[in-house]
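Start at 1 with the first residue, then count along the sequence.
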Amino acid sequence: MPLINNLGIDKDVSQHFARWAKYATKRQIKTFNNVPLKTLRILSFVETQYCIRQDYAFDAINKLVNSAEKAARKHEKNSLSVSDEDTQASVES
């Protein structure tokens, strides 16, 4: 996220804040008095979740593309086989 990057926060620190936000109870988050740090922890959590979901989406799209390529190759191979059989049948006639 541009905001986290502009603050110059190390990725490991950001991940630590994200883990805190993930495992903190609702009460812990509400009673955390340092508002800037609480905001930073929640922003780090949002950034981490955004990246994770973006990776999942990429993987899903990549699997779909690979599956479509495989199906197209199979279809092309089958079409060529049928075409070759037709060619041989017309030569033999």
**Item:** Of all pairs that satisfy side chain to side chain donor-acceptor pair (under 3.5 Å), the ones with a partner from residues 29-44, not counting sequence neighbours
**Value:** S14-S44

**Request:** Output every pair passing side chain to side chain donor-acceptor pair (under 3.5 Å) with a member in residues 57-74, not counting sequence neighbours, ordered by first then second residue.
**Result:** none

**Distance, nearest 0.5 Å, that separates CD of E76 from CG of N78** = 10.5 Å

**Prompt:** Out of curiosity, I9 CD1 to Q15 CD, how far, rounded to the nearest 0.5 Å?
**Reply:** 12.5 Å

**Prompt:** Would you find a donor on one side and an acceptor on the other, under 3.5 Å apart, between the side chain of Q28 and the backbone of T25?
**Reply:** yes

**Prompt:** Between atom CD1 of I42 and atom NZ of K22, what is the distance when rounded to the nearest 0.5 Å?
**Reply:** 15.5 Å

**Message:** Going by ring pair (Phe, Tyr, Trp, His ring centres under 6.0 Å), name the pairs with one or both residues in residues 6-26, residues two or more places apart or in two chains.
**Reply:** W20-F32

**Asked** Can you name the nearest heavy-atom pair linking I29 to A21, along with the distance?
**Response** CD1-O, 4.1 Å

